[in-house]
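Any value given below was found using the heavy atoms of this structure, including those in side chains, with hydrogens, waters and symmetry copies removed.
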There are 2 protein chains.
Amino acid sequence: MEPLVTGQLVVGKPDRPATLADVATASGVATSTASRALSNPTRVNVATRERIERAARELNYQPNSHARALTSGKTRTIAVLVSDVTNPFYFDIIRGTQQQLKAAGYTQLLVDTEESDELEDGMLHKLRGSFDGAILAASRLTDRRLSTLAAEMPLVAINRQTKGVASVFIDTPGGIEQALGHLVSLGHRDIAYVSGPETSWPNEGRWRALVRAGEHYGVAVRRVGPFSPKKNAGAAAADVVLNSGVTACIAFNDLLAIGMLMRLRERGVSVPDDLSIVGCDDIFGADFCNPPLTTLTAPIEQAGRVAVSMLLARLDSQTASAARQTATLPTHLTIRSSTGPAPAERPQ
Amino acid sequence: MEPLVTGQLVVGKPDRPATLADVATASGVATSTASRALSNPTRVNVATRERIERAARELNYQPNSHARALTSGKTRTIAVLVSDVTNPFYFDIIRGTQQQLKAAGYTQLLVDTEESDELEDGMLHKLRGSFDGAILAASRLTDRRLSTLAAEMPLVAINRQTKGVASVFIDTPGGIEQALGHLVSLGHRDIAYVSGPETSWPNEGRWRALVRAGEHYGVAVRRVGPFSPKKNAGAAAADVVLNSGVTACIAFNDLLAIGMLMRLRERGVSVPDDLSIVGCDDIFGADFCNPPLTTLTAPIEQAGRVAVSMLLARLDSQTASAARQTATLPTHLTIRSSTGPAPAERPQ
DNA sequence: CAATTTTTGGCAAACGGTTGCAGCAACCTT
DNA sequence: AAGGTTGCTGCAACCGTTTGCCAAAAATTG
């Protein structure tokens, strides 16, 4: 009895947060019982459990996640690595992961790898133990390194297909043919691909898909770049594309495309009258830029959600075996105003 | 000697990550010495220290952050709470915090409070112990609650001034006068404030500043709304503003302003010929929307960085006393193309 | 009603570090 | 050369949980 009363006597602010031991003494049981009552409810008598739960509530008990992690090895935290927090594309990913993680009662550790494979690798190791698994949005790691890491810890990669590592793939390449078809139907015959960074996995995929589609439609495609996937790299890209004499281009991503739009406006080039532009991703802003961008809409946020689901599924031993290794998310072409009929043959 | 050799004999993959004990035996010292060598270098002989450091390196030792947190109470993690991960404004905050935290070797815990004070409060408590301090970007808490919390844990609030809680304040109200002056100089005499959510602290500040500025310039200001600070609330806002007969408006934030822009274009209303619009914040997209938005540019990213610096300063007992309680960041008006001369008096 | 099984709850040992205290050299004093 | 410092290292307790193992109590069985 006495301990229970003690617990209630401490009416002054309990400055130090209540521990499991406090809950235990307050309800007159051992800490082991209290622990079980709260986390493994079936292992303890319903009456005692209720008593303990009440005490916990009254003391405003919050389990110490570090102590818990130390013994159980589970942190209920997921690391999300993005290569550049600056890029709106990742915001959508983060939104998706955040949503899904919160719903599952997990916590999100956000890490910016600054497009550096070393930093990515380093962080993953330094933080190992701080998270149960990681989501790699746009990994810069080599296939080899990625496989090794995937063997060491639960990973899900986004937009990166490597043997042995779970991934969710946004099928932009699959949409490229549709995009090219759109341009061809508008009369374009000479089309450029505005390349993103060469270390970017999706960049290569998009280019290859475009080459294939070009063969299919029998039109010429060429590649310019590489450019950094940022808005301000769009100026250089615009100039190069303009100089190349093509009538239309597909940009690695919307950021680049929007940058081009701004530069072209500055130079007095009309989009789409003089040049048609197709972006990729459909990020925030693609709908209200000037002109609104025709783009390959990607379910970015959904990709984040799916990645979390896959990761969580494989963390749970119950569902681990059934967990999917790969998910492919389709894209679709969203036609807005940055594409139009090819300009009439210009007189020599 | 034997332990040392043992350490080297384990050539096969050390599946289990090396612990401090491993490092200690490998270098023939007690764990306490190893601990000191790695974290409190001066407390141990330089020769032993080097031996230990080498062993740690060879074993690829990574301190377990949870074990460390358990005794030291320090987690080297900062929680960043935003009210809506969906809002580009917070992206910039997150960028700033991320940068600064990484530079200081801290880890960022990202939490979305979904504009709910309860969730905010709840998360802060649930995660207490998982972080050393928190940054509240746009807290929805009452002053009372916020003060209480600030007494319980190190906090820095962004855009929220409450007695007893450290804060970094983006002085948008201070820029409002400049914005109004700009509109007045263009001939506008009847101006609306497009209100954001009433629970938003900055929203009230902006409105009050506008009222004051209105008196100063002797022009009529009125308030419409409240509207949700989202792009798609802009349609409703645009209609209301249009209906109110004003010639110019200042919107709570750029998101709302951009939404209005889209709606007005749809309705065939010309900006700025028929209506001038000023936004607040200068978020991603404000420069390339159509027309580009005149807005009160806020150093959002910097706000994130400063908030981190302030928080870190007060975590360090060395600098805690000298740490600033408040920082004010100035804003400035960026004139683009959404503002222009007031339309000539329309014939009745 | 004794013997056996099932519940229920406690003891104590982890988990991987940090840190106060104490021991022990080796160095200075005088 | 004895006593006093100082510098370095080890011992062991502790942080707050979880969990394997065991014992007491209760329920079941023959």
Donor-acceptor pair between A:Q108 and A:T77 side chains, under 3.5 angstrom: no

Footprint ends on DNA chain C, 5' to 3', for atoms under 4.0 angstrom from a heavy atom of chain B, come out as C:dG16 to C:dG20

Give a yes or no on whether the backbone of B:L119 and the side-chain of B:S116 come within a donor-acceptor separation of less than 3.5 Å. yes

Tell me, please, the opening and closing nucleotides of DNA chain D, 5' to 3', among those with an atom under 4.0 angstrom from a non-hydrogen atom of chain A. D:dG16 to D:dG20

List in numerical order all residues of residues 69-78 of chain B for which some heavy atom is under 4.0 Å away from an atom belonging to DNA chain D. B:L70, B:T71

Quick one: ring-ring contact (aromatic ring centres under 6.0 Å, His included) partners of A:F89, sequence neighbours excluded? none

Pair up each side-chain donor or acceptor in residues 32-40 of chain A with any protein partner under 3.5 Å, not counting sequence neighbours, and list the distances.
| from | atom 1 | to | atom 2 | distance (Å) |
| --- | --- | --- | --- | --- |
| A:S39 | OG | A:S35 | O | 2.7 |

Using only heavy-atom distances, determine whether the side chains of A:S130 and B:S65 contain a donor-acceptor pair under 3.5 Å. yes

In terms of side-chain heavy atoms, does A:T326 have a donor or acceptor partner in A:Q161 at a distance below 3.5 Å? no

Inter- and intrachain pairs under ring pair (Phe, Tyr, Trp, His ring centres under 6.0 Å), touching residues 27-75 of chain B, at least two apart: A:H66-B:H66

According to the ring pair (Phe, Tyr, Trp, His ring centres under 6.0 Å) rule, which pairs have a member within residues 143-164 of chain A, sequence neighbours left out? none

Reckon A:T19 touches a base, only the sugar-phosphate, or nothing at all at heavy-atom distances under 4.0 Å? sugar-phosphate

Of B:R36 and A:R36, the one whose nearest nucleotide on DNA chain D sits closer to the 5' end is B:R36

Does anything in residues 135-148 of chain A pair up under side chain to side chain donor-acceptor pair (under 3.5 Å), and if so which pairs, sequence neighbours excluded? A:E115-A:R140, A:E120-A:S139, A:D121-A:R145, A:D143-A:R160, A:D143-A:T162

Classify B:A67 by what it touches in the nucleic acid, base, sugar-phosphate, or nothing, heavy-atom distance under 4.0 Å. base

Residue closer to the 5' end of DNA chain C, A:V46 versus A:T31 (nearest nucleotide): A:V46

Considering only residues two or more places apart or on different chains, which pairs with a residue in residues 122-154 of chain A satisfy ring pair (Phe, Tyr, Trp, His ring centres under 6.0 Å)? none

Scan for salt bridge (charged side-chain N to carboxylate O under 4.0 Å, His left out) pairs involving residues 312-324 of chain B, sequence neighbours excluded, and state none if there are none. none

If each end axis of the helix from C:dC1-D:dG30 to C:dC27-D:dG4 is fitted on five C1' pair positions, the angle between them, to 10 degrees, is 50°

Under 6.0 Å from the CD atom of A:Q325, do we count more than 12 heavy atoms belonging to anything else shown? yes

Contacts of A:D112 that satisfy side-chain hydrogen bond (donor to acceptor under 3.5 Å, both in side chains) - sequence neighbours left out: none

